[in-house]
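All remarks here apply to the structure that follows.
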Amino acid sequence: MKYLIATTLLTAASAFSPASRSVVSRTTTQQQTSSSLDASKCGNYDYDVIIVGCGVGGHGAALHSRAQDLSTAIFSGADVGGTCVNRGCVPSKALLAASGRVREMQAESHLSEFGITVDGEVKFDREGVANHAKQLANKVKGNLEGSLTALGVDIVEGRGVLTGKVNEVKDDASGKVYTAKVS
């Protein structure tokens, strides 16, 4: 029983080892000299890690996976950044910032303390504010995608669907099945 627990702990710890990973066998523990990228090219599987969903959590998981030198694919569902970047947090904060600026510029007593006077009415263009929010979201999305690409993460544009096998994910758009290493 102690041997089983020690073997399990060594296997779990080896997943977080940065440069080389240990291969645990029943008789000995040996260092694996080739990287996981080389192993995945041998045809046994497509990637060491496949991540479904490219929101903040998926992005962080991909960064961690690559830091461990694991070959990585991420299914974005054509939505790099997920809800937060594309429809939630980022555009909402941009809209709130714009409305805050309008409110500040309309506060004559507050502005006068700074020696600022606004002649006339403060106006805003709803479409312009919305375009600003969209441009900001697109910039953040592009930066996230660029960081993944620069680290060698393969971005699959389709939606990832589990096939029922522990190491397979199907691209809903193309029907292609990707395999991941099972440890």
With a 3.5 Å cut-off and sequence neighbours excluded, list the donor-acceptor pairs that the side chains of residues 127-145 form with protein atoms.
unit_1	atom_1	unit_2	atom_2	d
N131	ND2	E127	O	3.3
N138	ND2	K134	O	3.4
N143	ND2	K139	O	3.4

Show me the side-chain donor-acceptor pairs of residues 85-107 shorter than 3.5 Å, one per line, residues at least two apart or across chains.
unit_1	atom_1	unit_2	atom_2	d
N86	ND2	D79	OD1	2.8
N86	ND2	V80	O	3.0
N86	ND2	G82	O	2.8
R87	NH1	D79	OD1	3.4
R87	NH1	D79	OD2	3.3
R87	NH2	D79	OD2	3.1
R87	NH2	T83	OG1	3.1
S92	OG	G88	O	2.7
S99	OG	L95	O	3.4
S99	OG	L96	O	2.9
R101	NH1	A97	O	3.4

**Asked** Is the F75-Y178 ring centre distance short of 6.0 angstrom?
**Response** yes
**Message:** Check whether R159 reaches the backbone of D172 with its side chain - one donor and one acceptor, N or O, closer than 3.5 Å.
**Reply:** no
**Prompt:** So, does S112 use its side chain to make a donor-acceptor pair with the main chain of S109 at under 3.5 Å?
**Reply:** yes
**Prompt:** Mind checking who shares a hydrophobic cluster with V161, ILVMFWY linked at side-chain heavy-atom distances under 4.5 Å?
**Reply:** none
**Asked** Is there a path of hydrophobic side-chain contacts, each under 4.5 Å between heavy atoms of I, L, V, M, F, W or Y residues, that connects I116 with V122?
**Response** yes
**Prompt:** Looking only at heavy atoms, which two atoms of I74 and A62 are closest? And how far apart?
**Reply:** CD1-CB, 4.3 Å
**Message:** Go through it in stages, so that I can follow the logic: the residues are I51 and T72, the test is side-chain contact (heavy atoms from CB on, under 4.5 Å), and I'd like the CA-CA distance, side-chain angles, deciding distance and then a yes or no.
**Reply:** CA-CA 8 Å; I51 301 164; T72 306; 3.9 Å; yes
**Prompt:** For S174, which residues count as a side-chain contact (heavy atoms from CB on, under 4.5 Å) partner, sequence neighbours excluded?
**Reply:** D171, K176
**Contacts of type side-chain contact (heavy atoms from CB on, under 4.5 Å), residue V182, not counting sequence neighbours** = V166, N167
**Nearest-0.5 Å distance, OG1 of residue T117 to CG of residue L111** = 8.0 Å
**Fill in**
What one should report as the nearest heavy-atom pair of R66 and L70 is NH1-O, 2.9 Å
**Prompt:** With no hydrogens and no angle check, is any side-chain donor or acceptor of T179 less than 3.5 Å from a backbone partner on D46?
**Reply:** yes
**Item:** hydrophobic_cluster_shared for Y47 and V52, side chain cutoff 4.5 Å
**Value:** yes
**Message:** Working to the nearest 0.5 angstrom, can you tell me the gap between E168 CD and I50 CD1?
**Reply:** 9.0 Å
**Request:** For the pair S71 (side chain) and D48 (backbone), establish whether a donor and an acceptor sit closer than 3.5 Å, ignoring hydrogens and angles.
**Result:** yes
**Complete:** Rounded to the nearest 0.5 angstrom, the OG-CG distance for S76 and L148 is 9.5 Å
**Message:** Tell me which pairs pass ring-ring contact (aromatic ring centres under 6.0 Å, His included) where either residue lies in residues 91-123, with sequence neighbours left out.
**Reply:** H110-F114
